[in-house]
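Accompanying notes for the structure given below.
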Amino acid sequence: MAATEQAPPGYEKYYVPDSSSLAVRATAGLLLTVFGGGLVLNNMTFGETHEAGHAKWVLFLGLAFFIVTLASWFRTTIKENMQGMNSAQLSHSYVLGMFWFIFSEVMFFAAFFGTLFYVRQLAGPWLSGEGEAGRMNDLLWPGFEFSWPPAITPQEAVGGTDAQPIANNGAFVTQDRSMSFADAHHWYQWLPMWNTLVLLSSSFTVHVAHTALLNDERARFNRWLGITVALGIIFVALQAAEYYEAYAHFGLTLNSGIYGSTFFMLTGFHGFHVAMGMTMLLVQLIRSVKGHHFTASDHFGFEASSWYWHFVDVVWVFLFLFVYII
Amino acid sequence: MGAHHHGPAKGITRWLFTTNHKDIGTMYLWFSFAMFILGGAFAMVIRAELFQPGMQLVEPGFFNQMTTLHGLVMVFGAIMPSFVGLANWLIPMMIGAPDMALPRMNNWSFWILPPGFLMLASTLFMEGGAPAFGWTFYAPLSTTYAPPSVTFFIFAIHVLGMSSIMGSINIIATVMNMRAPGMSYMKLPLFVWTWLITAFLLVAVMPVLAGAVTMMLMDIHFGTSFFSAAGGGDPVLFQHIFWFFGHPEVYIIILPAFGVVSQIIPAFSRKPLFGYASMVYATASIAFLSFIVWAHHMYTVGMPVAGELYFMYATMLIAVPTGVKVFNWISTMWRGALSFETPMLFAIGFLVLFTIGGFTGLMLSIAPADFQYHDTYFVVAHFHYVMVAGAVFSMTAAVYFWLPKWTGRMYNETMGKVHFWVSFVGFNITFFPQHFVGLAGMPRRVPDYALQFADFNMMSSIGAFVYGASQILFLYNVVATIVAGAKVSDEKVWDGAEGLEWTVPTPAPYHTFEVPPKVDAAPAYI
């Protein structure tokens, strides 16, 4: 192996940033956020219970500080890029970073989809007495019949919280109506279908925007990106309407047993990710309109946001299939 | 853009604001050593209580907090960050890169850890005490019956997971993107290979753990029923999700250790590593298998027989690539010009003791036999042979091996050898008897035990105190080396050491490979 001092041909210097306070500031924001969040959830302030503690201010302060820090972090990287510090090699590091970040998000959702499959295929039937693992049904949950969406929780099947004292960490009351297609009155009143249309078209519009940018058609890019952001907002609004319906008219809450748990966990985290992706795209839109950022060959901020957007779209397709249809 | 040929900044801001992979590596290493001492202190409390049968020193509830925090601190605070520190120091130097791919995020990955662990440790002083449900935090112990501090435990896991994911993304981006010209994948030093695969495992499973603790949080505070059968969920579901994370996690801990040993054994055998390509493939196979064997931790929860059989056979398969590795290390030493400096002693100690841990793992993989071993001290003995004699021994070997390169000073060889022998003997006195009490039926995580286990437990406790004390010697040796060790200026330090990190001056300058080297022929270590 020969190590030479001669720079190889085609070599560009890799920009290593100088020391920076961003990481420590982000840490302070993040840790205040989770510590404040923990205090709020435990309804206590430093070990003492208060009805109206100051804990929420720790949470809000931390969160605000965290968001401001992240914003200034992104500002810094954008500035560096515009000053021409990013070699092609460094840009590729950002590409890899975004790709593996999205992969980690896929695995995060995999945990909840795995939960859904496990409950529907294995745990549910076992609770109602099927198979070897269901042998205890007569003793634990006699009379419980499993179906999806569930018509009853095991707790209700045996007569409420007092009837079966094992592991009752709350009262679980089945929903009156589920969000499944089977429970929809009219297909055109079924929100998830409209949501699917909205989100699938937004994946299309963001692609059109990308094509416009590649062709250097700035106005067209802004227009289609704006439409994408608007569709994102519509999606989140429809999702909010669906949650309102669930709580107000369907009796479907977080306490509705495993159907409510999986429904809100999957759609809730997805909705949160849509809101994140929408914010990312909105920032790119503002950058393009106000700052005239991006060129046909250099627009990673937009590209990464659009990958994220396609990712939430794909997650939705699976959600639509496994949560709403099947 | 600042000047790049300057040294480090002065004062505390050097460490707070640094973007330098060597600084960050150093911080990771010191932090992990501090956690090693903290987790070790918890272990000493456990062993002191178990010194004699009967309740002696601590309340049973506090004993449970100790076993829980010992496991959490050692896994997430000591072993994992120590190997990340090693990765930070070595990967850029081994592949000829100027730094890690994303230096500011690298700093953030580190700085999340200390306050995260402060939050975890602060649960000891909270109402209801620290988490006491074991480091595996099975529901419903960790949900329905958990102390209020569990909320902070959950958030601590979240932030530690963020740190791991960002650290791993950085390592993947560095290895995939920053290799010097000519440094193709099959020329990477094995330590880099094992870390690349480890980083992939981390990115794949840490989010799953985040999902698991998020579901716990929802069950505890928002009335969902993921892990409650009363609402249609299943506590066993928690175990499945946890071990889908947990089994890859144990390879996350051991694969970088494999990498370290694969660097050290060739150096002191003065021979290239035997079977380089098969080592790479074996590592990848172990990583793949780690995703499909998780339920062997759960043989006794009442899975269908088909599941038990599948997980049993799949688990046994792991012995094949692991056997390839052990065979290759031994073959590397075969007819080598061996010398036994401290790093080599720890590497050989690793080889012998890890193999014992591997064999007990094979015993545990046999489902019908596991019904007897499950949750006994046999399991405790097994995983300490792989975690301590595996991961910690190889980490110790790594420190002795690269410390002269990092500091430009040589450690005290006699003290290093004493450290090895005291550690080796202390470790075996601690954990070998635990095989016997485990096979005889002594359950783990219980502060009291039947009288027939008394002698072996006393032995175990004495061994633990000896092993613990020997780490003070280690600390002293390292500090003494940094402050006043004999100067080394030879670039290679060890005559048999091969690789790019041994081509830079000793001590390694603050910035290395700002211009990438050209790697032409096959490196000497292949």
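Below, chains carry the letters A, B, ... as their sequence lines are ordered, and counting in each starts from 1.
- Taking the six-membered ring for Trp and the full ring otherwise, W307(A) and F300(A) have centroids separated by under 6.0 Å.
- Residue V150(B): no heavy atom, backbone or side chain, is found under 4.5 Å from chain A.
- Most heavy-atom pairs under 4.5 Å with chain A: of the set R104(B), H221(B), M100(B), this distinction falls to R104(B).
- Only the side chain of E80(A) comes within contact range of chain B, with heavy atoms under 4.5 Å apart.
- Annotation: the span from L39(A) atom CG to L59(A) atom CG amounts to 9.5 Å, rounded to 0.5 Å.
- Relative orientation of the Y243(A) and F264(A) rings is perpendicular, given thresholds of 30° and 60° on the angle between their planes.
- Between F242(B) and F245(B), the ring planes lie perpendicular to each other; the angle is over 60°, past the 30° to 60° tilted range.
- Between F152(B) and F35(A), the angle of the ring planes lies from 30° to 60°, which puts this pair in the tilted group.
- The most heavy-atom pairs under 4.5 Å with chain A, out of I220(B), N170(B), T214(B), come from T214(B).
- Heavy-atom distances place the side chain of T76(A), and not its backbone, under 4.5 Å from chain B.
- Only the side chain of D234(B) comes within contact range of chain A, judged by heavy atoms closer than 4.5 Å.
- Both the backbone and the side chain of V203(B) come within contact range of chain A, with heavy atoms under 4.5 Å apart.
- Your options are S225(B), P304(B), G232(B), and the one with the most heavy-atom pairs under 4.5 Å with chain A is S225(B).
- When the candidates R135(A), Q155(A), E132(A), M107(A) are compared by the number of heavy-atom contacts under 4.5 Å with chain B, M107(A) comes out ahead.
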Could you check T153(A) against Y259(A) for side-chain contact (heavy atoms from CB on, under 4.5 Å), going step by step and ending with a plain yes or no?
-> CA-CA 9 Å; T153(A) 62; Y259(A) 179 81; over 6 Å; no
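- There is no side-chain donor-acceptor pair under 3.5 Å between S178(A) and Q175(A).
- Contact of F269(A) with chain B is made through the side chain alone, with heavy-atom distances under 4.5 Å.
- For L16(B), the parts lying under 4.5 angstrom from a heavy atom of chain A are both the backbone and the side chain.
- Neither the backbone nor the side chain of M166(B) comes within contact range of chain A, judged by heavy atoms closer than 4.5 Å.
- Using a 4.5 Å cut-off between heavy atoms, A110(A) does not touch chain B at all.
- Only the side chain of L217(B) comes within less than 4.5 Å of a heavy atom of chain A; its backbone N, CA, C and O stay farther away.
- Heavy atoms closer than 4.5 Å to chain B are found in both the backbone and the side chain of Q89(A).
- Residue contact with chain B, scored on non-hydrogen atoms closer than 4.5 Å, involves the backbone and the side chain of L254(A) alike.
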